[in-house]
Structure formats: C-alpha cells, structure tokens
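Here the structure comes first, spelled out in structure tokens, and everything after it is commentary.
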Amino acid sequence: MTERLRRRLLDAHRPTLETVFDCADAVAASFDGGATTDRQRVVPPFRTVLREADALEALVGAWAESLSHAGYDLPARPVAEPPYVVVTSVGVVLRATISEGRLVATLRTFDVDPYERAGTLPEALTVEHRGL
C-alpha cells in the first residue's frame, strides 16, 4: 500500500517533488555557514517560498491523484493547509485519513540540530501507514 503510493508520487509527480527541494535549497542558502539553530529561519521562510512557487497546491494535487490511483476514496478533497499539508522543520508532510487509519508522506528536506539542508529524491520521500 505505502510503496505503491510512494512509487506513484516519484514516477508521476517527480517535478512537483523536486520543486520542494528547490525551495529548500533557496531557504538553506540564507543560513550562515549552511546551517542554523533557529527554527524560525527554517519553517516560516520555507512555507513562504513553497507558496510563492505554488508548490503546496501542486503537492495537494499530486497527493490526491496518487491516493486515487492507489484506489483510496477520500471523504473530502485535500487542501494546501493543515492537516493535509504541513510545513515542518524537517520538510513537508502530507496526510490523508482513510478507513484503516492515516497515510503520511514526508519529504525530508532538512536535518535538525542544527538545521541544514539534507535529503534528495528518492530517499528523502517516505510514505507510512499509521493505524487507528
């Protein structure tokens, strides 16, 4: 189930995923020496850059299409806001509630302590099933 979703995201929506990493690169370019210990220098600017690149809307579309392709019916169309899409200190998290629990995809773009740019595709994309 989760590997099928992961493969679909990578195969059908790779340009959208790569845009997220381009946005992370832009944020990390502002870090002194390539790293920071200040979460506020990561999450708010990352969210802003993602919005300006229309990456959050594109991610929602990619996630919804991948879920549909895998045979999941969602009770509502995801939107580019929590709880469906969350910009965190490690990257972007996509969520979907299904009858068997929750599906969670994470694009890990930053390491923590200190915050620094990390991760590349395909390794930086994980998809998990979290039960009820």
Side-chain angles (χ1 to χ4, degrees):
M1 153 180 23
T2 58
E3 186 56 28
R4 185 173 180 190
L5 278 171
R6 185 175 181 276
R7 284 272 31 112
R8 182 64 181 183
L9 283 165
L10 288 167
D11 293 345
H13 303 287
R14 192 176 199 106
T16 297
L17 303 180
E18 288 174 347
T19 298
V20 173
F21 288 90
D22 292 344
C23 291
D25 288 340
V27 172
S30 72
F31 300 163
D32 298 327
T36 184
T37 57
D38 184 358
R39 183 181 188 280
Q40 292 303 308
R41 293 195 56 207
V42 179
V43 178
F46 190 33
R47 185 180 302 112
T48 298
V49 172
L50 288 164
R51 277 199 179 117
E52 289 171 352
D54 293 323
L56 296 175
E57 286 294 332
L59 278 171
V60 166
W63 185 231
E65 189 282 332
S66 296
L67 289 161
S68 177
H69 185 265
Y72 292 103
D73 292 318
L74 299 178
R77 172 131 170 69
V79 296
E81 295 292 332
Y84 303 105
V85 178
V86 181
V87 178
T88 73
S89 60
V90 298
V92 179
V93 178
L94 306 169
R95 298 180 183 135
T97 300
I98 58 173
S99 60
E100 300 88 9
R102 182 173 281 200
L103 294 167
V104 180
T106 303
L107 286 164
R108 189 174 182 88
T109 56
F110 294 99
D111 280 336
V112 179
D113 199 19
Y115 295 103
E116 58 189 350
R117 179 65 182 82
T120 57
L121 290 173
E123 298 81 15
L125 173 64
T126 60
V127 179
E128 305 170 82
H129 174 254
R130 298 179 184 169
L132 297 173

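Owing to the predicted nature of the structure, the values given are computational and were not obtained by experimental measurement. Every heavy atom of this structure was used, including side-chain atoms; hydrogens, water molecules and symmetry mates were not.
- Under the 4.5 Å side-chain heavy-atom criterion for grouping Ile, Leu, Val, Met, Phe, Trp and Tyr, V93 is not connected to Y72 through any hydrophobic cluster.
- Summarising the local packing, CG of D38 is surrounded by more than 12 heavy atoms from other residues, nucleotides or ligands at distances under 6.0 Å.
- L59 and V86 fall into different hydrophobic clusters, defined by Ile, Leu, Val, Met, Phe, Trp and Tyr side-chain heavy atoms under 4.5 Å apart, directly or through other members.
- The structure places CZ of R95 at 11.0 Å from CD of E128, a figure rounded to the nearest 0.5 Å.
- The structure places NE2 of H69 at 11.5 Å from CG of L67, a figure rounded to the nearest 0.5 Å.
- Between V60 and R77, some side-chain heavy-atom pair lies under the 4.5 Å cut-off.
- Distance check: L94 CG to L103 CG gives 11.0 Å after rounding to the nearest 0.5 Å.
- H13 places no side-chain N or O within donor-acceptor distance of the main-chain N or O of E65, the cut-off being under 3.5 Å.
- The minimum heavy-atom distance linking T97 with P75 is given by the pair O-CD, 3.9 Å.
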Between V27 and C23, does a side-chain contact (heavy atoms from CB on, under 4.5 Å) hold up when you go through it step by step?
CA-CA 6 Å; V27 172; C23 291; 5.8 Å; no
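- Separating the CD atom in E100 from the NE2 atom in H129 is a distance of 5.5 Å, to the nearest 0.5 Å.
- To the nearest 0.5 Å, the span separating CZ on F110 from OG1 on T88 amounts to 9.5 Å.
- Residues T126 and E123 come closest through the heavy atom pair CG2-O, 4.5 Å.
- Remark: the backbone N or O of P122 is paired with a side-chain donor or acceptor of R6 at under 3.5 angstrom.
- A donor-acceptor pair under 3.5 Å links the side-chain atoms of T19 to the main chain of P15, judged by distance alone.
- In the hydrophobic clustering of ILVMFWY residues, with side-chain heavy atoms under 4.5 Å counting as a link, V104 and V90 come out apart.
- For A62 against L9, the heavy-atom pair with the smallest separation is O-CD2, 3.9 Å.
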Listed pairs under 3.5 Å, donor-acceptor, residues 40-57 side chains, sequence neighbours left out:
unit_1: R41; atom_1: NH2; unit_2: S30; atom_2: O; d: 2.5
unit_1: T48; atom_1: OG1; unit_2: P44; atom_2: O; d: 3.1
unit_1: R51; atom_1: NH2; unit_2: E81; atom_2: OE2; d: 3.2

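- Each side chain to side chain donor-acceptor pair (under 3.5 Å) pair with one or both residues in residues 105-118, not counting sequence neighbours, appears once here: D25-R117.
- The side-chain heavy atoms of L121 and L107, taken from C-beta on, include a pair separated by under 4.5 Å.
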